[in-house]
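Everything on this sheet refers to the single structure shown next.
Only heavy atoms go into these numbers, but all of them, side chains included; no hydrogens, no water, no symmetry mates.
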Amino acid sequence: FGESSRLAGKSDELVRCVNARLYPLLNDWHRVDAYVNALKKVGVEGKHVMVFGDGYQSLAMVILRMGARKLTVFEPSRELAKSFKSCVLMNGNGPLERLNIIESEIRDARTVGNEEADVLVSLGFGAMVFSRGLHHSLCELRPFLKERNAVVPFRMTQNVELIECPELRALTTAASRGRMTLREFDHYRNTDSMMFTADQGVRLTDLRNCTSLTKTRAIFDYYMDPLETAELPKKRILVELQSVTAGIVDAIMISWSMRTHKYCKDEVTTHPGGSNLMRDLAYGQGYQLVEDFTKRRNHIPVPFEVSKGECVTVEVRFSESRDDMRVRLHRCRADALRANKTKGSTKPWKSLQKLPDLPENRKPWTQDDAIDAYMKQKMLREPRPQQHTT
């Protein structure tokens with residue numbers, strides 16, 4: 001088939017990005033309405049508003065209709081900038097003199113015109129709060145704001161909880177049936193890094209019997225208004241959780257929630273219980289698979305089982321820029337982990353190493369790896385076949 005005339009000359013990467021991520025963000029009207037309610041509290045009429053982040057177009061159109069004197073947006077794609085200008089004119093939100101499009105990344109912007117902004121609106125999030133460089137973008141934009149400014153949203157919260165999901169387990173382990181087992185392939189099961197539902201095309205709400213084993217707890221709160229108070233979280237955070245029911249911990253789930261304004265009750269979240277289809281496709285949730293490191297059998301990971309009321313601790317480690325994280329589940333309270341001891345043991349607890357050197361205790365690869373060692377031991381235990389002489 002030949003290429004559609006509409007797409008002729010447009011980059012494949014741009015077309016994929018628009019179809020996979022931009023369309024869902026443009027149509028997340030619950031998110032737009034929450035921002036609009038916050039901007040009504042702030043007041044944008046007659047002011048200079050600066051917006052950055054993916055899917056800004058829907059909200060930007062509303063801001064123009066709310067009477068903003070000037071609107072500045074960051075759009076590194078010349079094609080998308082041209083399309084946005086057309087939409088502004090089609091919707092009668094002109095003249096274009098009110099619109100200032102910076103056709104570059106934030107880090108490359110030298111100036112945003114001859115006027116500082118009154119209001120900054122951030123949409124620069126990913127599956128994690130900092131996965132798209134939110135903090136660094138705010139630092140870059142601070143010189144372009146007036147001394148008395150307002151920032152929307154007011155607060156971002158990174159959340160964590162433990163989930164049990166048999167269908168997720170089936171997607172991430174080698175199955176066994178009857179007397180046939182394929183568990184040898186579980187040696188490759190990734191319990192050391194974060195994965196994201198949006199990248200894998202999975203919605204946790206579509207998986208049957210996906211239940212929360214604990215309540216949702218905050219890892220950290222990130223306050224953006226006033227902007228001077230915005231501080232990165234610590235590189236290591238311990239979060240203590242208590243199971244509300246017995247079960248197998250299949251994954252540690254990461255989501256975020258947003259408070260758009262200090263005096264608004266609107267909340268936007270990526271938690272499966274409060275998210276929607278558009279947000280799941282654009283952001284989704286992060287999750288890291290779990291194994292019980294205290295009960296590892298040879299090279300095969302062992303499921304992490306919890307009893308009702310049991311207290312466990314999630315250890316969270318961030319990269320230097322906080323745009324990546326690793327988590328590990330410990331069968332002890334946070335106080336015991338801070339004291340560097342396990343429950344009922346006097347030996348020091350081996351914590352996670354710095355990113356990106358996870359997982360803990362990683363050794364250089366050798367030819368005699370875990371599978372080879374296991375197979376050698378197995379062959380030594382098996383009787384040798386008898387040799388027949390003629």
Side-chain angles (χ1 to χ4, degrees), residues 127-131 135 155-165 191-195 211-223 231-257 269-271 273 285-296 301-362:
M128 299 183 296
V129 171
F130 298 115
S131 57
H135 184 77
R155 182 188 66 203
M156 295 291 295
T157 303
Q158 192 77 72
N159 299 313
V160 63
E161 69 178 87
L162 308 183
I163 62 171
E164 179 178 18
C165 185
T191 60
D192 296 320
S193 59
M194 192 71 64
M195 292 179 280
T211 57
S212 299
L213 295 177
T214 63
K215 294 182 179 179
T216 303
R217 287 285 305 276
I219 301 176
F220 64 82
D221 291 316
Y222 181 70
Y223 291 89
E231 293 184 359
L232 286 172
K234 296 179 180 179
K235 293 180 65 176
R236 178 178 184 256
I237 299 177
L238 302 178
V239 183
E240 190 172 296
L241 300 172
Q242 185 176 21
S243 61
V244 296
T245 183
I248 297 175
V249 182
D250 289 308
I252 302 170
M253 186 185 71
I254 303 296
S255 62
W256 53 254
S257 58
T269 181
T270 59
H271 189 279
Q285 300 82 33
Y287 68 91
Q288 189 167 320
L289 302 176
V290 174
E291 65 175 296
D292 194 339
F293 287 94
T294 64
K295 299 179 181 179
R296 179 179 288 179
V302 176
F304 198 113
E305 298 184 23
V306 293
S307 56
K308 184 177 180 179
E310 182 177 355
C311 290
V312 294
T313 300
V314 175
E315 182 182 11
V316 185
R317 291 294 184 101
F318 291 95
S319 61
E320 193 69 33
S321 60
R322 310 301 197 274
D323 61 350
D324 193 12
M325 74 167 70
R326 300 289 186 273
V327 291
R328 173 94 16 113
L329 187 60
H330 299 289
R331 200 181 291 277
C332 62
R333 286 185 174 272
D335 291 340
L337 195 57
R338 291 188 184 97
N340 210 28
K341 294 182 179 180
T342 60
K343 185 178 180 180
S345 173
T346 59
K347 296 181 180 180
W349 187 260
K350 297 178 180 179
S351 299
L352 297 176
Q353 297 177 4
K354 294 181 180 180
L355 290 174
D357 299 323
L358 297 174
E360 61 178 342
N361 306 324
R362 174 174 286 174

Phe304/Val312 under side-chain contact (heavy atoms from CB on, under 4.5 Å): CA gap, chis, key distance, verdict: CA-CA 11 Å; Phe304 198 113; Val312 294; 4.2 Å; yes
Within-4.5 Å side-chain heavy-atom neighbours: [X] and [Y]:
X	Y	answer
Val314	Ile219	no
Leu241	Leu162	yes
Ile254	Asn159	no

Counting N and O atoms only, with roles assigned by atom type, does the side chain of [X] sit under 3.5 Å from a partner on the main chain of [Y], one being a donor and the other an acceptor?
X	Y	value
Glu161	Lys215	no
Arg322	Pro233	yes
Asp250	Cys165	yes
Thr269	Trp256	yes

Full working for side-chain contact (heavy atoms from CB on, under 4.5 Å) between His330 and Leu238: CA-CA 10 Å; His330 299 289; Leu238 302 178; 5.6 Å; no
Value rounded to 0.5 Å, distance of [atom1] in [X] from [atom2] in [Y]:
X	Y	atom1	atom2	result
Phe220	Met156	CZ	CE	8.5 Å
Arg317	Lys234	CZ	NZ	13.0 Å
Met325	Ser319	CE	OG	9.0 Å
Thr157	Tyr223	OG1	OH	6.5 Å
Leu289	Met195	CG	CE	3.5 Å
Glu291	Arg328	CD	CZ	7.5 Å

side-chain contact (heavy atoms from CB on, under 4.5 Å) between Val239 and Val327, worked out: CA-CA 10 Å; Val239 183; Val327 291; over 6 Å; no
Salt bridge flag under 4.0 Å for residues Arg326 and Glu315: no
Met253 vs His271, side-chain contact (heavy atoms from CB on, under 4.5 Å): CA-CA, chis, key distance, verdict: CA-CA 9 Å; Met253 186 185 71; His271 189 279; 3.9 Å; yes
Pair Glu310, Ser243: side-chain N/O donor-acceptor within cut-off below 3.5 Å: no
Nearest heavy-atom pair of [X] and [Y]: which atoms, and what distance?
X	Y	value
Gln158	Val129	OE1-N, 2.9 Å
Ile252	Val290	CG1-CG2, 3.6 Å
Thr313	Ala334	OG1-N, 2.9 Å
Phe293	Thr191	CZ-OG1, 4.2 Å

Aromatic plane relationship, Phe130 with His135 - under 30° parallel, 30 to 60° tilted, over 60° perpendicular: perpendicular
